[in-house]
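Below, all heavy atoms of this structure are taken into account, side chains as well, without hydrogens, waters or symmetry copies. These numbers come from a predicted model, not from an experiment.
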Amino acid sequence: LKWSDEFSGTSVDTSKWNVADNSNYGSSNKEDECYKAANTTVSGGSLHLTAKRQTVTCGGTNPDTGNSTYYFT
């Protein structure tokens with residue numbers, strides 16, 4: 001075993017994971033999405049990534065709108 005994470009706590013272990021917040025890594029893929037740390041949780045020994053349809057202001061430029069408004073997190 002080279003690496004593991006048992007997700008035994010109540011939050012993401014940032015020494016093992018980079019959790020993006022208010023970032024649009026999908027812009028190079030022309031994706032209308034803003035990564036939010038609040039959508040990343042840990043419970044019951046599992047990592048939960050939650051996608052939401054919501055309007056937010058995010059860093060960078062949304063390729064669909066040409067501004068910083070995004071409709072998915």
Side-chain angles (χ1 to χ4, degrees):
L1 178 65
K2 300 271 184 188
W3 180 88
S4 70
D5 191 341
E6 302 302 320
F7 302 109
S8 56
T10 57
S11 62
V12 176
D13 182 346
T14 56
S15 72
K16 296 179 181 179
W17 298 95
N18 294 323
V19 179
D21 190 38
N22 204 40
S23 184
N24 65 332
Y25 289 110
S27 64
S28 62
N29 297 328
K30 302 198 182 318
E31 297 173 350
D32 175 0
E33 59 188 35
C34 179
Y35 292 82
K36 302 297 273 183
N39 293 14
T40 306
T41 58
V42 172
S43 68
S46 296
L47 173 66
H48 301 272
L49 305 175
T50 304
K52 299 178 183 178
R53 181 175 175 89
Q54 64 185 128
T55 302
V56 297
T57 300
C58 191
T61 302
N62 182 334
D64 291 340
T65 65
N67 59 38
S68 60
T69 300
Y70 285 74
Y71 299 98
F72 299 91
T73 63

- Point-to-point distance, once rounded to the nearest 0.5 Å, from CG of Asp13 to CD of Glu6: 11.5 Å
- Item | Distance (rounded to the nearest 0.5 Å) between Ser4 OG and Lys16 NZ | 5.5 Å
Looking at every non-hydrogen atom in both residues, tell me the closest pair between [X] and [Y] and how far apart they are.
X	Y	result
Cys58	Asn22	CA-OD1, 3.3 Å
Ser46	His48	O-CD2, 3.3 Å
Glu31	Tyr70	O-CE2, 4.3 Å

- Would a distance-only check, ignoring hydrogens and angles, find a side-chain to backbone donor-acceptor pair under 3.5 Å from Asn39 to Thr50? yes
- Is the backbone N or O of Thr69 less than 3.5 Å from a side-chain atom of Asn62, with the two atoms forming a donor-acceptor pair by type? yes
- Test side chain to side chain contact (heavy atoms under 4.5 Å, CB included) on Lys36 and Asp21 and set out the steps. CA-CA 4 Å; Lys36 302 297 273 183; Asp21 190 38; 4.2 Å; yes
Within one Ile-Leu-Val-Met-Phe-Trp-Tyr cluster: [X] and [Y], side-chain cutoff 4.5 Å:
X	Y	value
Val19	Val42	yes
Leu47	Leu1	no
Leu49	Tyr35	no

- Can you name the one residue among Asp32, Val56, Thr55 that meets side chain to side chain contact (heavy atoms under 4.5 Å, CB included) with Phe72? Asp32
